[in-house]
Amino acid sequence: MSLVLAPSSAGVPVLLHWGAALAEDDDGAELLALHTPAVPHSALDAPRLRGVVGENVTGFTGTPGLTGFRPGSRSVAPRLGEWRWSVADDVVSLAARDDEAGWAVEITLELTPEGLVRQRVAVSNTGDDVLVLDQVRCALPVAARATELLDLTGRWCRERTPQRRPWLVGTHLREGRHGRTGHDATLLLAAGVPGFGFGHGEVWATHVAWSGDHAAYAERTPEGECLLGGGELLAPGEVALEPGGTYVSPDLVGSYAADGLDGVSARLHAWLRRTLPLTTPRPVIVNTWEAAYFDHRLDGPDGLGALVDVAAEVGAERFVLDDGWFRGRRHDRAGLGDWTVDPAVWPQGLHPLAERVRAAGLDLGLWVEPEMVNLDSDLAREHPDWVLRGRRELPPEWRHQQVLDLRVPGAYAHVRDALLALLAEYDIAFLKWDHNRDLIDVGAAVHGQTRAFYALLDELRAAHPSLEIETCASGGGRIDLGVLARTDRVWASDTIDAVERQRIQRWTSLLVPPERLGSHIGGPVAHTTGRRHSVAFRAATALLGHLGLEWDLRDVGADERAEVAAWVSLHKRLRPVVATGRLVRGDHPDPAVVLTGVVAPERDEGWYVVATVDSTVTQSPTPVSLPGLDPDARYRVSDQTPAGHQALGHLGDSWLDGPGHLASGRALRELGVRLPVALPETARVLHAVRVH
């Protein structure tokens with residue numbers, strides 16, 4: 001791909017092209033001359049080009065890049081000049097100023113080795129009084145042939161729902177006002193040629209790397225500009241720069257691909273793997289929430305110790321103690337903020353549990369929700385002024401809790417010191433970090449609260465470099481590159497219904513690599529929907545992610561435990577490919593058929609899960625393409641679904657029942673494989689391995 005930046009005749013930098021690769025000897029100035037518009041009637045008397053920042057004062061009619069005002073004085077929009085350029089490796093820095101308005105601006109454009117574009121803006125106040133920022137927006141140009149938009153929306157337990165629409169003249173604006181990223185956040189805002197899919201079509205996509213309020217937009221102007229942009233969504237007066245003060249925007253991250261959404265994701269996944277490497281292999285998790293809730297007895301057949309033992313029996317490697325371990329936390333209406341072990345439940349602290357976990361060969365994880373507080377807590381009683389609010393009256397309660405104002409130094413220190421004390425006393429490998437409410441009626445606090453959250457994570461990671469952290473926000477309410485820079489795993493949704501998870505994980509993986517995507521085998525009946533599924537369907541749905549178990553295995557018989565153990569063993573066999581391979585998501589014509597795969601970097605093998613989430617349109621599914629393999633290599637394709645009781649398995653004889661068959665990678669992509677009649681809510685695991 002190529003990014004072309006060239007100066008106009010007035011010296012203003014213009015982002016001319018972001019997209020398909022151009023020739024290395026193409027000259028930016030020559031290309032800009034070829035794309036300088038004529039002067040129409042009833043327009044400015046000179047050709048107008050949008051600079052790298054959209055400036056309405058120069059005649060640009062779209063979303064402005066910079067707006068602000070000075071209280072009590074004449075508002076002067078910045079008109080940037082005196083542009084200075086500097087280039088270091090693949091990073092371009094552009095600096096400009098407007099002395100009359102008192103603005104100094106530095107724009108950074110980075111092209112990563114993976115082909116991502118990262119853009120950010122720093123604004124400094126060079127005036128003599130306060131500069132209040134309204135908005136700071138970054139934007140990237142998109143080819144006019146991209147006439148279709150795709151974004152995501154959602155709600156609790158139905159995150160990442162895709163929606164498509166034509167891209168017409170005007171602005172399509174998505175704003176998040178939750179104080180966190182939000183269950184309805186779009187993750188990526190994508191524009192593409194008509195009909196683009198996972199494996200085909202040119203696509204341009206952007207993401208705002210910020211965990212607070214934010215805006216993302218797609219814009220076509222009447223003059224012909226096509227832009228994808230976004231930035232932090234600031235409340236009135238939220239960022240007020242004193243003279244000499246500076247604000248730095250979140251990154252706008254852009255990913256272009258000529259081969260569909262899989263190509264867009266491949267750049268993002270590769271960049272995250274290079275810049276934020278994870279410890280591998282990713283340990284299989286058992287989480288206690290849907291198994292035990294607030295029942296924290298250790299001993300006896302119904303105790304947590306029995307759950308530890310069966311977790312080890314099926315092959316788990318990490319035991320995560322969820323909510324209920326800290327002082328006063330016998331239900332969800334009390335205790336948040338008092339982050340010390342409850343002596344009434346754990347009279348010897350967590351040491352007996354930690355010893356039991358270690359003796360079983362597992363490591364220990366712990367649930368926390370440090371940004372929240374219950375009014376029924378010692379913390380709230382001692383420091384009521386630490387509860388975040390926008391007025392004297394408290395905000396409405398949400399899940400019986402309020403938000404702790406981490407901008408207050410004492411509140412921040414209280415949380416930090418409590419967590420550091422836990423990490424010092426216990427050998428804790430993993431924190432499940434939750435955030436179970438929106439920030440409502442908190443005034444202009446979201447910017448500062450988000451920065452404090454980042455600082456808290458940074459301090460903990462600096463003190464405990466090997467600590468792993470999961471971001472959970474009542475499921476998938478805070479997933480973005482800002483939080484991913486500081487955590488190791490996401491909890492995509494509070495639902496573990498396998499049908500819902502097929503969709504949620506598919507679209508969350510647009511941004512999140514599969515090895516960071518927490519995917520658990522739930523119990524037979526999903527608590528959020530009431531659906532009942534076989535072990536095979538639940539396990540196949542969780543297989544190609546960071547595997548876990550969210551299920552009370554103490555009540556499971558020996559045969560079913562053996563089936564679970566077989567799925568865990570299969571996951572361990574393929575997880576090196578999950579952690580390094582390219583994710584592929586098939587474009588099947590039948591919406592009932594969902595294909596998800598990972599292909600090894602050398603393309604010597606690929607693993608595919610083919611799931612039916614509904615009744616198929618045809619008697620048996622139409623052929624399923626296996627994408628991503630070397631077209632000129634030959635592969636043996638076989639069914640690797642573990643044996644077990646899949647009550648609604650495939651019907652009739654099939655090649656799945658044999659040792660497999662040989663075909664070229666090209667044939668497997670173009671001709672695909674034909675599966676037998678498959679009833680709803682069943683799944684198969686296919687393996688393609690290179691033979692020569």
Side-chain angles (χ1 to χ4, degrees), residues 1-4 17-22 90 110-118 140-143 145-152 160 162 164 167 186-207 209 218 226 228 252-275 481 484 505-517 544 577-588 594-603 606-608 625-632 665-666 668-670:
M1 55 80 64
S2 292
L3 182 72
V4 178
H17 170 79
W18 165 47
L22 306 180
D90 289 319
E110 177 187 355
L111 187 60
T112 75
E114 298 79 17
L116 293 181
V117 178
R118 301 174 65 200
L140 292 168
V142 174
R145 60 184 174 274
T147 56
E148 188 170 293
L149 292 176
L150 181 144
D151 60 5
L152 306 176
R160 320 297 169 234
R164 287 180 180 257
W167 190 6
T186 183
L187 288 194
L188 296 182
L189 177 54
V193 298
F196 70 89
F198 285 108
H200 65 278
E202 277 189 291
V203 185
W204 294 255
T206 53
H207 169 83
C226 302
L228 293 177
L252 180 73
V253 180
S255 181
Y256 163 82
D259 55 351
L261 292 165
D262 284 351
V264 164
S265 295
R267 295 192 195 276
L268 289 159
H269 296 175
W271 175 72
L272 281 165
R273 287 167 172 170
R274 177 179 61 85
T275 59
L481 289 176
L484 280 170
Q505 292 170 187
R506 184 176 186 80
W507 293 101
T508 303
S509 65
L510 282 180
L511 180 70
V512 181
E515 70 275 13
R516 289 177 177 265
L517 208 162
L544 301 182
V577 180
V578 171
T580 59
R582 175 170 172 143
L583 182 69
V584 292
R585 293 154 294 202
D587 292 301
H588 197 275
V594 179
L595 178 135
T596 307
V598 286
V599 178
E602 301 81 10
R603 297 198 288 181
W607 289 91
Y608 302 89
S625 173
L626 303 184
L629 302 170
D630 182 346
D632 298 319
R666 181 174 283 104
L668 293 171
R669 182 189 67 202
E670 300 297 336

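In this view, H17 satisfies the side-chain hydrogen bond (donor to acceptor under 3.5 Å, both in side chains) rule with no residue, not counting sequence neighbours. When the side chain to side chain contact (heavy atoms under 4.5 Å, CB included) test is applied to L111, the partners found at least two apart in sequence or on another chain are M1, D90, V117. By the salt bridge (Lys or Arg N to Asp or Glu O under 4.0 Å) test, D587 is found to be paired with no residue, residues two or more places apart in sequence or in another chain being considered. The side chain to side chain contact (heavy atoms under 4.5 Å, CB included) check on A270 picks up E114, with sequence neighbours excluded. Residues passing the salt bridge (Lys or Arg N to Asp or Glu O under 4.0 Å) test with R585, sequence neighbours excluded: D262. Not a single salt bridge (Lys or Arg N to Asp or Glu O under 4.0 Å) links R669 to another residue, sequence neighbours left out. Every side-chain hydrogen bond (donor to acceptor under 3.5 Å, both in side chains) that D259 has, sequence neighbours left out, goes to R582. Looking at residues two or more places apart in sequence or on another chain, you find a ring pair (Phe, Tyr, Trp, His ring centres under 6.0 Å) between F198 and W507. Residues meeting the side-chain hydrogen bond (donor to acceptor under 3.5 Å, both in side chains) test with E110, sequence neighbours left out: R118. With sequence neighbours excluded, the residues that form a side-chain hydrogen bond (donor to acceptor under 3.5 Å, both in side chains) with Y256 are E202.
Formation of a donor-acceptor pair under 3.5 Å by the H207 side chain with backbone atoms of L187 is found in this model. For H200 (side chain) and G195 (main-chain N/O), a donor-acceptor pair under 3.5 Å exists by modelled atom type. Checked by atom type and distance alone, the side chain of H269 pairs as donor or acceptor with a backbone atom of S509 at under 3.5 Å. Between the side chain of S255 and the backbone N or O of L268, no donor-acceptor pair lies under 3.5 Å. Checked by atom type and distance alone, the side chain of R160 never pairs as donor or acceptor with a backbone atom of R506 at under 3.5 Å.
Rounding to the nearest 0.5 Å places CG of L583 at 11.0 Å from CG of L261.
Here the closest heavy-atom approach between residue W607 and residue L544 is recorded as O-CD1, 4.2 Å. Minimum interatomic distance between L272 and R516 (heavy atoms only, all atoms of both residues): O-NH2, 4.2 Å. Of all heavy-atom pairs spanning W204 and A146, the tightest one is CZ3-CB, 3.6 Å. Between A205 and W18, the shortest heavy-atom contact is O-CH2, 3.6 Å. Nearest heavy atoms, A21 versus S2: CA-OG, 3.3 Å.
Checking V599, L668, L595 one by one against P627, the side chain to side chain contact (heavy atoms under 4.5 Å, CB included) holds for a single residue, L595.
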Practice item. Evaluate the criterion side chain to side chain contact (heavy atoms under 4.5 Å, CB included) for residue pair Q505 and T596; output intermediate values, then yes/no. Key: CA-CA 10 Å; Q505 292 170 187; T596 307; over 6 Å; no
